[in-house]
Amino acid sequence: MMTLVLVAFMATNSVASVDSRTYIVHMDKSKMKTSYLSAANSKEMFEEMLDSIYQLSPDSEATPPPRLFYAYDTAIFGFAAKLSPMHLESIRNMDAFMAVIPDGSMRLHTTYSYKFLGLEQGKGLWHASNLESDVIIGVIDAGIWPEHPSFQDHGFGPVPAKWKGACESGTNFSPLNCNRKLIGARYFFKGYEAFHGKVNETANFKSPRATNGHGTHCASTAGGNLVQNASFYGLANGVATGMRYTSRIAAYKVCWEAPANCASSDILAAIDQAIKDGVDVVSISLGLRKGVIPYFDDLIAQAAFSGIQRGIFFSLSAGNKGPRTVVNTAPWLMTVAASYIDRSFPAIVKLGNGQSFEGISLYPGKSLKESPIVYGPTAGKKFAQYCIPGSLSPKLVKGKVVVCELGGGYGEYQITEHVKLEGGVGTVILHYEGLDFLAYPPMSPAVSVGDMARKAILSYLNTTKSPTASLTFKGTAYGKRAPMMAAFSSRGPNLVDLNLLKPDLTAPGVNILAAWPGITSPSEEEGDKRRVLFNLLSGTSMACPHVSGLAALLVSRHKEWSPAAVKSAMMTTAYNLDNRGSPIKDVYHGGPATPFAIGSGHVDIQKASDPGLLYDIHPLEYLLHLCSLKYNSSQIARFDQNFTCPKGTTMQPGDLNYPSFVVRFKSDAHNVTITYRRTVTNVGNPPIGTYKVQVQEPKGISVRVNPSILSFKTHGEKLGYKVSFTTIKRIIESENSCFGSLTWVSGKYMVRSPIAVTWI
Ligand SMILES: *[C@@H]1O[C@H](CO)[C@@H](O)[C@H](O)[C@H]1NC(C)=O
Ligand SMILES: *[C@@H]1O[C@H](CO)[C@@H](O)[C@H](O)[C@H]1NC(C)=O
Ligand SMILES: *[C@@H]1O[C@H](CO)[C@@H](O)[C@H](O)[C@H]1NC(C)=O
Ligand SMILES: *[C@@H]1O[C@H](CO)[C@@H](O)[C@H](O)[C@H]1NC(C)=O
Ligand SMILES: *[C@@H]1O[C@H](CO)[C@@H](O)[C@H](O)[C@H]1NC(C)=O
Ligand SMILES: *[C@@H]1O[C@H](CO)[C@@H](O)[C@H](O)[C@H]1NC(C)=O
């Protein structure tokens with residue numbers, strides 16, 4: 001007997017020491033032992049607690065002690081620590097234990113990581129009459145390049161008195177790197193190191209200083225200075241500017257390179273700190289690698305909830321997995337999709353037979369005169385059509401233009417480098433339908449062309465003995481059809497919360513020009529020795545900071561608005577027609593974008609600053625919404641430890657006072673009615689106004705609004721209405737759904753909400 005027990009213990013021991021891993025633990029503050037509560041701060045409290053667990057555990061000899069990385073007391077109440085299964089078990093058995101989530105990893109939301117161009121629209125910025133520089137944007141990302149002109153502080157007054165943040169020291173970074181523009185910089189690596197071992201100091205500065213350009217790019221898009229004459233080798237020349245260029249910026253570095261990763265525990269620590277530091281807006285262009293998880297397991301959602309309770313606005317990227325599922329979807333987050341702007345970088349491929357095709361190129365050099373072209377078998381061996389390393393034959397491609405298809409596992413920039421390495425003088429990259437045109441920074445002449453050109457070029461190659469082509473680079477052009485939804489932008493339905501439409505809106509996210517670190521090449525590839533002040537990137541990562549910066553504009557215009565009010569203003573005023581007057585298109589399928597891709601539409605900051613009506617939401621209503629999702633008490637407690645769902649609540653998930661609608665019917669529903677309630681708050685000017693409802697009914701659905709007229713007399717007045725959706729006929733436009741809208745109209749005000757009706 002005795003021996004058996006011992007063996008069992010030993011087995012546990014060895015498993016324990018091997019299996020220690022990082023967990024994020026939520027604790028119930030009210031149930032923490034009073035002896036711990038006497039600790040000077042939450043860090044000491046959790047240290048004491050873990051210490052006593054360690055002392056009391058039967059295997060303390062053999063197991064390393066639990067290691068506390070972070071104590072959280074704002075974003076959530078709890079901690080992150082490396083724990084053995086036995087330590088975790090002891091914590092689970094404590095009264096104050098609420099929940100545990102293993103540390104996870106997040107990724108930056110840039111597409112393909114091949115780098116791109118496009119300039120901000122600038123629209124709206126120049127009219128921002130409010131130039132107070134009291135708004136602070138916290139950017140949680142991959143660090144910052146403080147010397148960049150986008151972050152210099154010429155003309156800025158003292159740092160706002162409310163600021164409690166810090167400028168942390170580290171490798172090549174000191175408090176002197178902060179100024180009146182970049183007012184804070186911190187870095188978080190303990191969770192990363194628990195996964196990957198020490199931060200790789202060849203590939204990273206162990207400090208807030210960036211090596212990956214993503215954070216610098218995002219920060220400058222949200223709140224960077226006006227910088228005249230910014231360009232990428234002369235392309236996209238103009239003023240580079242943050243959406244809220246008089247904002248102060250605080251950078252929180254949570255992502256590290258080689259291996260590239262961002263740990264949830266570090267992100268949580270950064271949000272916790274940003275809230276305490278006093279930021280007004282938080283911009284987060286990253287998301288879980290895993291994708292869809294319920295809100296009660298979503299640490300960013302939980303931390304952000306704590307932030308919005310304190311009036312802080314959170315803007316997040318929707319993800320780059322289009323046409324697959326949108327992430328970062330909690331109702332208190334602004335979830336931003338990505339679309340094209342009207343700028344492009346045209347380049348012409350002219351074939352020997354006289355046909356010519358427009359594609360895009362960021363090649364800043366001279367055009368290429370007529371040269372022989374090769375492709376597939378005429379360029380090399382197996383897989384030569386993809387131009388992957390080793391497939392091209394130097395003899396065949398020397399002095400030639402090489403035609404390459406995507407699909408061999410390499411990005412456009414790498415393809416052009418393979419071609420150049422084997423002696424090719426130029427590259428034509430063939431795109432398929434439904435693929436985005438994202439610019440990349442080639443070092444040799446290269447053009448990407450679309451599906452029509454692909455077919456024509458392949459057929460020309462097939463039928464011609466000595467095919468030739470010339471490549472002409474036309475620089476920067478404006479006035480392309482825009483906006484258009486990027487195919488890569490992640491889509492609804494929102495699988496975590498099917499009654500909530502996500503993404504919320506779209507903003508520029510394709511070929512965006514913004515600040516770039518002085519140490520990093522524009523392609524972020526090792527062989528690229530170029531250094532640029534500005535670079536072009538694409539992704540919902542780039543769309544998110546546009547909205548963060550625009551939110552910062554609204555926050556200083558309307559100090560009394562809640563984060564939900566700011567969201568509502570942007571959503572109900574978003575537009576849905578492109579610059580040709582047609583419904584905004586979706587590059588993925590070529591047809592009009594549905595609300596599952598575009599949300600409420602494309603952000604229009606002018607209109608958002610004077611929206612007429614607001615759909616406001618008190619933080620308590622979000623908790624009631626979680627109750628309506630049937631979250632149980634321990635799941636709800638992760639958002640607010642003091643809240644319990646009222647008994648017998650009649651709220652249904654669709655009743656959250658959200659500025660958009662999702663209605664779900666069983667596929668055999670005949671003459672079935674679903675009714676939702678909404679309340680709108682009057683912020684119109686003048687305040688006296690009569691709004692009439694205009695409904696564009698989804699096909700096969702009858703929509704009734706009661707009352708259909710809302711008459712406001714005073715500023716801030718709230719009026720409610722009910723909207724009923726009745727099935728007449730099951731008609732599907734796409735994705736098992738059909739779409740419409742509900743708009744309150746009064747004079748210049750159009751307060752629009754999209755409607756998505758889904759048949760399940
Ligand atoms: C550290 O980074 C360098 C430079 O990117 C890379 O070559 C090296 O493989 C990395 N080391 C590890 C252990 O990943
Ligand atoms: C603008 O920048 C280009 C190079 O990027 C430089 O050649 C030119 O002189 C600059 N023009 C002005 C007005 O600063
Ligand atoms: C090229 O020619 C071959 C044989 O004639 C044919 O099977 C193939 O479909 C052609 N490809 C294109 C792209 O025209
Ligand atoms: C809530 O649900 C989770 C998962 O089903 C369960 O583990 C937990 O015990 C539940 N809590 C309560 C208080 O019912
Ligand atoms: C819960 O309520 C108590 C008493 O009202 C308050 O002191 C405490 O700060 C609240 N805790 C949280 C997490 O809101
Ligand atoms: C639909 O249902 C309502 C009540 O539920 C009923 O009054 C009405 O007559 C029905 N309409 C049809 C066309 O069946």
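Excluded from the calculations below are hydrogen atoms, water molecules and symmetry mates; all remaining heavy atoms, backbone and side chain alike, are included. All residue numbers refer to positions in the sequence shown, counting from 1. Since we're looking at a predicted model, the values are computed, not measured.
Taken to the nearest 0.5 Å, the CE atom of M485 stands 5.5 Å off from the CD1 atom of I598. The distance from the NZ atom of K699 to the OG atom of S737 is 12.5 Å, given to the nearest 0.5 Å. The structure places CG of N579 at 9.5 Å from CD1 of I584, a figure rounded to the nearest 0.5 Å. If you take OG1 on T416 and CD on E412, they are separated by 9.0 Å, rounding to the nearest 0.5 Å. Note that the OG1 atom of T468 and the NZ atom of K400 stand 12.0 Å from one another [nearest 0.5 Å]. Here the OG1-CG distance, from T335 to D504, works out to 4.5 Å after rounding to the nearest 0.5 Å.
Remark: the backbone N or O of S317 is paired with a side-chain donor or acceptor of N328 at under 3.5 angstrom. In this structure, the side chain of N225 engages the main chain of P149 through a donor-acceptor pair within 3.5 Å. Under the 3.5 Å distance criterion, the side-chain polar atoms of Y413 are left unmatched by any main-chain donor or acceptor of M443. A distance-only check finds no donor-acceptor pair linking the side chain of D436 to the backbone of A486 [under 3.5 Å]. The backbone N or O of S391 sits nowhere less than 3.5 Å from a side-chain atom of H418 that would complete a donor-acceptor pair. Checked by atom type and distance alone, the side chain of S489 pairs as donor or acceptor with a backbone atom of A338 at under 3.5 Å. Side-chain atoms of R531 come within 3.5 Å of backbone atoms of I519 as a donor-acceptor pair (strictly under, hydrogens ignored). Formation of a donor-acceptor pair under 3.5 Å by the T572 side chain with backbone atoms of M570 is not found in this model. A donor-acceptor contact shorter than 3.5 Å links the side chain of S361 to the backbone of A446. For N229 (side chain) and N237 (main-chain N/O), no donor-acceptor pair under 3.5 Å exists by modelled atom type.
The shortest distance between side-chain heavy atoms of F739 and P754 does not fall below 4.5 Å. When side chains are defined from C-beta on, V428 does not count as touching Y375, because their heavy atoms never get closer than 4.5 Å. Contact check for I512 versus L537: no side-chain heavy atoms found under the 4.5 Å cut-off. Residues L286 and C255 meet the side-chain proximity criterion, which asks for heavy atoms closer than 4.5 Å. Taking 4.5 Å as the limit, every side-chain heavy atom of V227 sits out of range of all side-chain heavy atoms of T241. In this structure the side chain of L458 reaches within 4.5 angstrom of the side chain of L430, judged on heavy atoms.
Taking both residues in full, the closest heavy atoms of F232 and P522 are given as CE1-CB, 3.6 Å, listed atom of the first, atom of the second, then distance. Looking at every heavy atom in both residues, I731 comes nearest to W759 through O-NE1, 3.7 Å. For the pair L553 and I605, the tightest heavy-atom approach, listed with the atom from each and the gap, is CD1-CG1, 4.1 Å. Closest heavy-atom contact between A507 and V547: CB-CG2, 3.7 Å. Across K381 and G390, no two heavy atoms sit closer than the pair NZ-O, 3.0 Å. Looking at every heavy atom in both residues, V403 comes nearest to L461 through CG2-CD1, 4.3 Å.
Residues S220 and S150 bring no donor and acceptor atom of their side chains to less than 3.5 Å of each other. Neither side chain, H214 nor S285, offers a donor N or O lying under 3.5 Å from an acceptor on the other.
Within the structure, every pair that satisfies the side chain to side chain donor-acceptor pair (under 3.5 Å) test and touches residues 349-358, not counting sequence neighbours, is listed here: N353-Q355, E358-K480. The salt bridge (charged side-chain N to carboxylate O under 4.0 Å, His left out) analysis of residues 584-602, with sequence neighbours excluded, yields the pairs R491-D586.
Note on R530 versus E525: no salt bridge recorded, every NZ/NE/NH1/NH2 to OD/OE distance being 4.0 Å or above.
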> Would F357 and L351 count as a side chain to side chain contact (heavy atoms under 4.5 Å, CB included) if you check the C-alpha gap in whole Å, the side-chain angles of each, and the deciding distance to 0.1 Å?
Replying inline: CA-CA 8 Å; F357 300 94; L351 303 177; 3.8 Å; yes
> Can you list the steps and then say if N320 with T540 is a side chain to side chain donor-acceptor pair (under 3.5 Å)?
Replying inline: CA-CA 6 Å; N320 297 333; T540 52; 2.8 Å; yes
>> One pair to check against side chain to side chain contact (heavy atoms under 4.5 Å, CB included): I429 and I415. What are the steps and the verdict?
In response: CA-CA 8 Å; I429 296 180; I415 289 174; 4.1 Å; yes
>> For D578 and M484: C-alpha separation, side-chain torsions, deciding distance, then whether side chain to side chain contact (heavy atoms under 4.5 Å, CB included) applies.
In response: CA-CA 8 Å; D578 65 21; M484 288 195 289; 5.7 Å; no
>> Please determine whether side chain to side chain contact (heavy atoms under 4.5 Å, CB included) holds for the pair C387 and Y410, giving the CA-CA distance in whole Å, both sets of side-chain angles, and the decisive distance to 0.1 Å.
In response: CA-CA 9 Å; C387 306; Y410 290 87; over 6 Å; no
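Annotation: Y588, atom OH; neighbour count of heavy atoms from other residues, nucleotides and ligands within 6.0 Å does not exceed 12. More than 12 heavy atoms of other residues, nucleotides or ligands sit less than 6.0 Å from atom CD of E147. Heavy-atom neighbours of R580 CZ from other residues, nucleotides or ligands within 6.0 Å: above the threshold of 12. Annotation for F383: atom CZ does not count as buried by contact number, only 12 or fewer foreign heavy atoms lying within 6.0 Å.
Remark: SG of C218 is not found under 2.5 Å from SG of C544.
Under the 6.0 Å cut-off for aromatic ring centres, Y340 and F437 do not qualify, their centroids lying 6.0 Å or more apart. Between F534 and H148, the distance separating the two ring centers is shorter than 6.0 angstrom.
Shown are T202, N204, N200, N212; of these, the side chain to side chain donor-acceptor pair (under 3.5 Å) with E257 is made only by N212. The side chain to side chain contact (heavy atoms under 4.5 Å, CB included) with N494 is formed by just one residue from the set T325, T329, V327; it is T329.
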